[in-house]
2 protein chains.
Amino acid sequence: MKNIYAIGVGLIGGSLAIDIKKNDPSVVIHGVSRKESTLDEALRLKLIDKKAALDDIEHADLVIISIPVDATVKLLPTVLDKIPDTALVVDAGSTKVDICRAVENHPKRRNFLAMHPIAGTEHSGPSAAMEGLFVGKTNIVCEVEKTTFKLQEKALKLFTDIGMRIRYMNPEAHDKHIAYVSHLSHISSFMLGKTVIEKEKNERDIFDMAGSGFASTVRLAKSSPEMWTPIFRQNKMNVIETLDEYISNLSHFKEMMEEDDFEGVFNEMKNTNHIKDILNGIH
Amino acid sequence: MKNIYAIGVGLIGGSLAIDIKKNDPSVVIHGVSRKESTLDEALRLKLIDKKAALDDIEHADLVIISIPVDATVKLLPTVLDKIPDTALVVDAGSTKVDICRAVENHPKRRNFLAMHPIAGTEHSGPSAAMEGLFVGKTNIVCEVEKTTFKLQEKALKLFTDIGMRIRYMNPEAHDKHIAYVSHLSHISSFMLGKTVIEKEKNERDIFDMAGSGFASTVRLAKSSPEMWTPIFRQNKMNVIETLDEYISNLSHFKEMMEEDDFEGVFNEMKNTNHIKDILNGIH
């Protein structure tokens, strides 16, 4: 594992590069990006050792793809075309069905491991990369049986060494559940932000009234639309299902209020309070 | 300002007691609560110096009421009945219209200052109290003109001394805007928690997939139903308005997804991204 190519050097790609390099200073991290300015920034921030072009991955031992999921679907077959037979390719996309499908019949399918490291912040780009982002976090690996055993082992070591625990799941289950525990949160946050901004657009100083609770619930509304639009497109049916249920729960809450059923309102909240126990352990 | 009576010694009452005592160790904090066990806990945690009964407030220089807003509406007239003519009474309730109305014709109305310190966490009870909770936070004061000037001055000094900035607002404006920047966030969070728990109730280990984003958006779902139900009841019309708009925005987002209008989805998020600037400065 000497030559590592990071395709995408933003929050996830950059943070992976930092931690992998820290664990093994002998590796050379080559950055690949559509934008020259992004690579310059990554180099300046010391996320990568060298700038590279896509064709250079013919020298790769490992390729890490951390770009928007629509770009991953398009690029992944080409990446597999170009790598040597011994190289491992991983992706870090927030959807897994379309990505796995894009290479299901590729002759080098066994060189690819589909992953979703559950880590991040609402920030993006090279400047958002940080050391230790993955410590104690979950890395979901899909269709592990389709990857060469030797490359599975390499990946397992690499990602446990940077502090991650590995969970195995099929792509369909991943996309279904992640819609609930991640994608829906982003939409609820964006729409909460929209609702408040629309109402208060002429009264900016109203935000003086906002406390840490508001900040917490709308934090994800800072996220990158460039990254999230393709996620929602690829996971459309699952996300729509979560929205249906969320809207239905909100409407029911509103109806109880309209009917002065505040015992019902109380019980709704009480029954949800045990989220406390569930959240223990999420950082 | 020697004898301070804290009616309610939970997160807000307890935290106020800590900071006020720290600034002036000569004050004596007397705790008043319906529950003896709560007072014992507050004493053990050194939030209060002494346990007291409601009738003891005839010796008060200052009474701080930090209990659920329905209890405040009921108790406030009695508190004003019992205090000496020179005492100041403040409340810390998250609604202001009903509380101000409850004492509008009280002969000691001028001894009362209606407040809403915008500070807190999702935890409650004496053990949730903490030092420095109010530093840099906003304290909204309503109907300041109805309070004796001398007592206004006392209150202003007390709360700026513990680090708060003061904003003046009428109770109607307070209740309308706080519905957007606080009450709606709590409902969005509770219903998000409910939606995910319902779906995943038989698959608890799915929460391994939840990252910090989910934790952030559902944090407020840990809040106390005992405190929040009366808030929603008192601010019913404003809260229903926010829910109508929030549900409408979510439904529109879902419709765009159903119609494959992902340019619209992108624009919705892009237009909400400037919440970044708004949130700067909220802690």
Side-chain angles (χ1 to χ4, degrees), chain A residues 118-119 138 167 177-178 180-182 185 187-196 199-200 206-222 225 228-229 232-233 236 240 243 245-247 249-251 253-254 257-258 262 265-266 269-270 272-273 275-276 278-279 282-283, chain B residues 118-119 138 167 177-178 180-182 185 187-196 199-200 206-222 225 228-229 232-233 236 240 243 245-247 249-251 253-254 257-258 262 265-266 269-270 272-273 275-276 278-279 282-283:
Chain A
I118 310 285
T138 301
R167 283 201 56 193
H177 293 302
I178 205 73
Y180 279 92
V181 296
S182 166
S185 287
I187 299 175
S188 81
S189 199
F190 269 110
M191 291 304 99
L192 185 64
K194 183 187 176 188
T195 303
V196 178
K199 192 65 187 184
E200 307 290 7
I206 286 306
F207 289 98
D208 280 5
M209 295 177 73
S212 57
F214 180 69
S216 177
T217 43
V218 300
R219 179 168 72 84
L220 298 180
K222 302 180 199 171
W228 280 95
T229 305
F232 295 145
R233 190 199 292 262
K236 174 179 161 177
I240 287 175
L243 277 172
E245 290 171 22
Y246 185 49
I247 291 169
N249 283 329
L250 285 162
S251 301
F253 194 95
K254 181 169 82 89
M257 284 188 64
E258 284 166 343
F262 286 97
V265 163
F266 178 90
M269 293 193 278
K270 199 77 187 168
T272 307
N273 262 176
I275 195 94
K276 280 176 200 170
I278 292 169
L279 289 178
I282 303 180
H283 307 291
Chain B
I118 310 285
T138 301
R167 284 201 54 192
H177 293 300
I178 205 76
Y180 280 91
V181 296
S182 166
S185 287
I187 298 175
S188 80
S189 198
F190 269 110
M191 290 303 99
L192 184 65
K194 183 187 177 189
T195 304
V196 178
K199 190 66 186 183
E200 307 289 7
I206 287 306
F207 290 98
D208 281 5
M209 294 177 73
S212 58
F214 180 69
S216 177
T217 43
V218 299
R219 178 168 73 84
L220 297 180
K222 302 180 199 170
W228 280 96
T229 305
F232 295 144
R233 190 198 293 263
K236 173 178 161 178
I240 286 174
L243 276 172
E245 291 171 21
Y246 184 49
I247 291 169
N249 283 329
L250 284 162
S251 301
F253 194 94
K254 180 169 82 89
M257 284 188 64
E258 284 166 342
F262 286 96
V265 163
F266 178 91
M269 294 193 278
K270 198 78 188 169
T272 306
N273 262 176
I275 196 94
K276 279 177 200 169
I278 293 169
L279 289 178
I282 302 178
H283 307 291

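Below, chain A is the first sequence line, B the second, and so on; all start at residue 1.
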Requested in this report: Could you check which of T138(A), V265(A), T229(A) has the highest count of heavy-atom pairs closer than 4.5 Å to chain B?
Outcome: T229(A)
Report summary line: Heavy-atom closest pair (P225(A) atom, N273(B) atom, distance to 0.1 Å) is CD-OD1, 3.1 Å
Query - Option in V218(B), L220(B), I240(B), V196(B) with maximal non-hydrogen atom pairs under 4.5 Å from chain A - result: I240(B)
Query raised in the report: From Y180(A) OH over to M209(B) CE, what is the distance, rounded to the nearest 0.5 angstrom?
Result: 12.5 Å
**Report entry** Pairwise distance OG(S251(B)) to CE(M191(A)) - rounded to 0.5 angstrom
**Finding:** 11.0 Å
Requested in this report: Considering only heavy atoms and a distance below 4.5 Å, find which of F253(B), W228(B), Y246(B) pairs most often with chain A.
Outcome: Y246(B)
Requested in this report: Go through the atoms of S182(A) and report whether side chain, backbone, both or neither lie under 4.5 Å from a heavy atom of chain B.
Outcome: neither
Query raised in the report: If you tally heavy-atom pairs under 4.5 Å against chain A, which of R219(B), E258(B), E245(B), R233(B) wins?
Result: R233(B)
Query raised in the report: With only heavy atoms counted, which part of L250(B) is less than 4.5 Å from chain A, the side chain, the backbone, both or neither?
Result: both
Report summary line: Counting heavy-atom pairs under 4.5 angstrom with chain A, the leader among I178(B), I275(B), I247(B), N249(B) is N249(B)
**Report entry** Which atoms of A221(B) approach chain A - backbone, side chain, both or neither, heavy atom under 4.5 Å
**Finding:** both
Query - Straight-line distance of T217(B) OG1 to I187(A) CD1, nearest 0.5 Å - result: 11.5 Å
Requested in this report: For K222(A), enumerate each residue passing the salt bridge (Lys or Arg N to Asp or Glu O under 4.0 Å) test, keeping only those at least two apart in sequence or located in another chain.
Outcome: E122(A)
